[in-house]
Amino acid sequence: LTDSAITTVHIGECIYCRARPTTNDPLSDEHIFPFGLYGKRKLAKASCKKCRDITSAFEGKVQQDDMKHLRDVIGFPTRHGKRKLNSTLPHEFVTRNGAVKSVDLSLPDAPAIMILPVFKPPAYVSKQPYDEGIEMTGYFLNASVTHTGSIPKNGDIAEVAIYSLRWPEAWGRMFAKIAYAFAVAEYGLASFRPADVYVLNAILGKTNDVGNWVGCTDERVYGDEFNDQVAGAWIVDNNEVHVIVKLFAWLNSVPEYHVQGVEVGGFLQIQSTAQSTFNSLQMSLTKRLSKGFQFLASYAYGRSIDNASGGSDSTGEARDTINIAGNQLDNRANRGLSDFNRMHRFILSYLWNLQRPTFASHSNAGRLLLANWQIGGIVTAMSGLPIDIIDGGAGSLLG
Amino acid sequence: LNGGNNAFVRPSWAPGANGSTATSNMPAGYVFNPLAFVRPVVLAGQLIPSSNGTAIANATGTDFGNVGRNVLRGPGQVNVDFSVIKRFPFAESRNIELRAEFFNLFNHPNFANPVSNLSAVPATSIDANTGRITGNPGDFGRVISTSNNPRLIQFAVKLNF
């Protein structure tokens, strides 16, 4: 496996916590399948250091502990250069008389035994009662992995002792991570709002509910000509992404890991197809200051028509994009009065310096109190804004 | 086809309804007649209208409706601001100003646009097969807020120099 065989999808923000690159942490690349499992596709600049520590911790448990035997025997790719391998691996065999015998086999002679966990179906999909963690129902064992070694044909040996997997939960989280990273590569990070990626908390270890989202179903799809790991993703009801992950898909009958709990927040297509027209009759009447009185009256009769009026975000700032209601394939379907259209708009502002009454000049108090009064004001009267009737409960057939 | 996670579609006109019938015969307390609108239900096995006859619903669901954008008009808005100012000149070009400013002098409420989302109708009030509102329409069509402040009075002293 060389770097040139790896395809890259550029992301540019941490897919787990959405952190942006900084000078301290320029973000690292995230393999969909771990590099050590022949992952050939990666997300560039897609994991911050904090999240990478979390994901590499469980991937390490799987690869360097539960899969250590297989990796040593077959020589999986590793980022750590040529690992110093022991030339022999200890194996335990059960002899015909029941005794356990430890034999050191040289690497070429060691049998390649693949052990994969088999889980219950994801509780979220099977709607089974679920508490926490992830439950294994068995192992998938395969000793036919192409390799020179084999179980010694020694008449004395009855069984090979195989250690159970120690980290089922780490496996589950690894599959969840693979599925999420795959979904991001397929649909783009913008399709997933963090709150809608239910499985994210399980990946990051914030909740212990990985079995709710990850599991195996009963069907085994036989491997085809795929050479290594495969994943497929599609969107099911309620916009949820369902991902199937298979390790070593070229082996017959390997378990399929189903991961659900990644919800697409909808796809955003930005089009520059809005059109607007505005026709109006505007009149104003101004009286400049004379005899202490001035006013400005204006009236506009207008009609603004468009197919999208822009909008404002949660902070009230105007923005250029707005969700389009109704039939998005028909631009004219949204043609109507602008959201801000007001048919009539009348504004009067005035300022009036009140004349001092003539009797007030007879006394100082009168001059002081009754002179220099001013009144002013603004009167606004306008039509109401259009009402857009919508139905947030409809559109279920539109996905 | 969604905006965010919320389906953003419009309902259909009830049979025979249009913009002018929707704003006549309103039930007391409503700015438009909620019964003029129906949820665009497509029964299982029926053609989905928006598919131009290419798709049939495999289960009962909802399409988008035929109501256009911004078909009704909200309540008009009137506001009167008023101020009284008294100046006390005390030097060549200096004066003290006492100002009393009244915003929304008559404390006239301007009603905001009504609730315009048909999903404000309780689900139990919508006939699942026809999409018609058969019971209490809830807040759909009701104004539940004002768009302006109440009367505010502000006093100020200004020294102009």
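Proteins come first, then strands; the chains are lettered A, B, ... in the order of their sequence lines, and each starts at number 1.
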What do the steps show when you test Tyr350(A) against Phe82(B) for side chain to side chain contact (heavy atoms under 4.5 Å, CB included), and what is the final call? CA-CA 9 Å; Tyr350(A) 59 91; Phe82(B) 179 74; 3.3 Å; yes
Between Asn70(B), Asp63(B), Leu118(B), which shows the greatest number of heavy-atom pairs under 4.5 Å with chain A? Asn70(B)
Could you check whether any side-chain N or O of Ser24(B) sits under 3.5 Å from a backbone N or O of Ser20(B), counting only pairs where one atom can act as donor and the other as acceptor? yes
Leu289(A) vs Leu351(A), test: side chain to side chain contact (heavy atoms under 4.5 Å, CB included). Steps then yes/no. CA-CA 9 Å; Leu289(A) 186 65; Leu351(A) 193 62; over 6 Å; no
Identify which of Asn113(B), Val80(B), Val78(B) forms the greatest number of heavy-atom pairs closer than 4.5 Å to chain A. Asn113(B)
Would you say the side-chain atoms of Arg99(B) pair up with the backbone N or O of Phe155(B), donor to acceptor, closer than 3.5 Å? no
Bottom line for Phe111(B): the part with an atom under 4.5 Å from chain A's heavy atoms is neither
Please check: side-chain N/O of Arg39(B) versus main-chain N/O of Gly131(B), any donor-acceptor pairing under 3.5 Å? no
Could you report the tightest heavy-atom contact between Gly29(B) and Arg142(B), atom names first, then the distance? O-CG, 3.4 Å
Looking only at Arg10(B), Glu101(B), Arg87(B), the option with the highest number of non-hydrogen pairs under 4.5 Å against chain A is Arg10(B)
Heavy atoms from other residues, nucleotides or ligands near CZ of Phe161(B) exceed 12 (cutoff 6.0 Å): no
Under 4.5 Å to a heavy atom of chain A? For Pro11(B) that would be both
Among residues 377-384 of chain A, which residues come closer than 4.5 Å to chain B, judged by heavy atom distances? Gly377(A), Ile378(A), Val379(A), Thr380(A), Ala381(A), Met382(A), Ser383(A), Gly384(A)
Which bit of Ala59(B) comes within less than 4.5 Å of chain A, counting heavy atoms only: side chain, backbone, both or neither? backbone
Flag the one option from Pro386(A), Gly336(A), Ala371(A), Ser338(A) with the top tally of heavy-atom pairs under 4.5 Å to chain B. Pro386(A)
Where on Phe346(A) is there a heavy atom nearer than 4.5 Å to chain B: the side chain, the backbone, both, or neither? neither
Using heavy-atom distances under 4.5 Å, tell me whether Arg342(A) contacts chain B through its side chain, its backbone, both, or neither. side chain
Chain B heavy atoms under 4.5 Å from Leu368(A): which part of the residue, side chain, backbone, both or neither? both
Looking only at Ser119(B), Ala120(B), Ser147(B), the option with the highest number of non-hydrogen pairs under 4.5 Å against chain A is Ser119(B)
Taking the six-membered ring for Trp, are Tyr180(A) and Tyr16(A) parallel (under 30°), tilted (30 to 60°) or perpendicular (over 60°)? tilted
Determine the interplanar angle of the Phe140(B) and Phe37(B) rings, folded into 0 to 90°, and report it as parallel if under 30°, tilted if 30 to 60°, perpendicular if over 60°. perpendicular
Within a radius of less than 6.0 Å around CZ of Arg18(A), do more than 12 heavy atoms belonging to other residues, nucleotides or ligands occur? yes
Please confirm whether the backbone N or O of Phe88(B) pairs with a side-chain atom of Asn372(A), one donor and one acceptor, at under 3.5 Å? no
